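What you see is a predicted model, and the numbers here were worked out from it, not measured in a lab.
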There are 2 protein chains.
Amino acid sequence: MKEKCLKYDICPMILVQNIVSGKWKILILWYLSYNTLRFNDIKKRLPYVTQKMLTQQLRSLEKDNLIFRKVYPVVPPKVEYGLTEVGKKIIPILEMMHGFGAEYLEQGHGKEKCAEIVNSPD
Amino acid sequence: MKEKCLKYDICPMILVQNIVSGKWKILILWYLSYNTLRFNDIKKRLPYVTQKMLTQQLRSLEKDNLIFRKVYPVVPPKVEYGLTEVGKKIIPILEMMHGFGAEYLEQGHGKEKCAEIVNSPD
DNA sequence: TGCCCAGGTATCTTTTTGGGTACTATGGCA
DNA sequence: TGCCATAGTACCCAAAAAGATACCTGGGCA
């Protein structure tokens with residue numbers, strides 16, 4: 001495996017795959033690429049994610065050093081999330097993904113897929 | 001949700017996320033970006049994936065029109081997989097991912113993560 | 001007094017994923 | 001005659017991910 005990894009240089013890919021998989025991470029990073037956001041701001045933008053899942057994904061992204069978490073010691077609590085310097089480096093990838101997805105949609109592939117998402121109940 | 005989707009234009013992102021998630025898909029696409037490959041060639045390059053899983057991921061990528069599957073009616077069976085025109089458009093994204101991953105590794109983040117992968121038994 | 005807010009945890013159940021093993025087809029070769 | 005090769009399926013079980021629900025904090029306000 002070690003040789004395979006070197007030979008085909010898949011290590012970086014495995015790493016990225018590892019970081020970026022997870023049902024909501026790409027979306028979270030995408031939102032945070034515009035602004036830092038508070039927990040509930042993110043939640044509002046991801047109507048299908050449960051609080052638990054969101055917390056989990058955020059913790060994982062934080063652990064991987066892609067986002068930071070800033071807690072304000074106030075009541076009620078206030079927590080802000082944003083991209084770290086490392087995280088910002090992923091923005092161009094997100095933009096390309098967005099471009100690809102948009103083109104893919106235009107060409108009619110995966111229309112039903114998005115329709116599913118868009119037309120599901122609030 | 002429809003308005004949210006339009007407002008933040010997340011649809012393409014959800015789509016890409018959908019296509020690209022799945023434990024092995026990015027890696028499979030990465031390999032196929034060099035050559036078309038036979039089933040067992042892919043399997044050899046992904047020592048941890050079981051036959052069932054690989055079949056599953058390939059079917060899913062085929063359904064999303066990113067790869068084609070060409071069956072030669074010979075015995076023993078011969079099946080080739082390769083990127084479609086749509087699939088080829090994702091190559092630049094894969095290359096950026098690779099670049100990001102490599103840089104991330106160089107900076108020491110996620111060293112342990114890759115170490116895990118590389119040092120696990122064959 | 002009791003309820004609200006935001007941003008969580010804790011616990012339980014369900015669903016989805018993944019792994020293991022066995023089985024298939026068919027022509028060629030010993 | 002029996003065995004090999006490749007690219008799968010079928011079936012069952014284990015593990016992981018996701019969902020539902022309840023609970024916590026502590027200051028402000030009715």
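With sequence neighbours left out, the salt bridge (Lys or Arg N to Asp or Glu O under 4.0 Å) criterion links B:K89 to A:E103. B:K23 is linked by a side-chain hydrogen bond (donor to acceptor under 3.5 Å, both in side chains) to nothing, counting only residues two or more places apart in sequence or in another chain. Taking the side-chain hydrogen bond (donor to acceptor under 3.5 Å, both in side chains) definition, one finds that B:K88 meets it with B:E85, sequence neighbours left out.
Following rounding to the nearest Å, B:L37 (CG) and D:dT6 (C1') show an atom-to-atom distance of 15 Å. Taking atom CG on A:L46 and atom P on D:dG19, their separation rounds to 12 Å, with Å as the unit. When rounded to the nearest whole Å, the span between CD of B:Q56 and P of D:dA10 equals 13 Å. Regarding A:L54, its CG atom lies at a distance of 15 Å from the C1' atom of D:dA17, rounded to whole Å. Note: NZ (B:K23) to P (D:dA15) measures 14 Å, nearest angstrom. Regarding B:I42, its CD1 atom lies at a distance of 12 Å from the C1' atom of D:dA7, rounded to whole Å. Per the geometry, CZ belonging to B:R38 stands 13 Å off C1' belonging to D:dG8, to the nearest Å. Here the P atom of nucleotide D:dG8 and the CG atom of B:N40 are 9 Å apart, to the nearest Å.
Within the model, atoms CG of A:L61 and NZ of A:K25 stand 5.5 Å from one another, a figure rounded to the nearest 0.5 Å. Interatomic distance, CZ of B:F100 versus CG of A:L15, reported as 8.0 Å (0.5 Å rounding).
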**OP:** Start with the C-alpha gap between B:Y34 and B:I91, add the side-chain angles, then the distance that decides, and say whether side chain to side chain contact (heavy atoms under 4.5 Å, CB included) holds.
**Re:** CA-CA 10 Å; B:Y34 296 120; B:I91 295 179; over 6 Å; no
Solution key, residues 66-77 of chain A side-chain donor-acceptor pairs under 3.5 Å, sequence neighbours excluded:
from, atom 1, to, atom 2, distance (Å)
A:R69, NE, A:Y81, OH, 3.1
A:Y72, OH, A:E80, OE1, 3.3

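Residues B:D41 and B:R45 come closest through the heavy atom pair O-NH1, 3.0 Å. Across every non-hydrogen atom of A:L83 and A:L29, the tightest pair is CD2-CD2, 3.7 Å.
Put simply, chain B comes within 4.0 Å of DNA chain C, heavy atom to any atom, from C:dG18 to C:dG27, going 5' to 3'.
Of all nucleotides listed (D:dG8, D:dT6, D:dG19), D:dG8 comes nearest to the side chain of B:F39.
Residue-to-nucleotide proximity on DNA chain D shows that, of B:L58 and A:Q51, the 5′-proximal contact is made by B:L58.
Proximity of B:R59 to the phosphate of D:dT9: a side-chain N or O atom is located under 4.0 Å from OP1 or OP2.
DNA chain D lies under 4.0 Å from at least one heavy atom of each of the following residues of residues 68-84 of chain B: B:R69, B:P76, B:P77, B:K78, B:V79, B:Y81.
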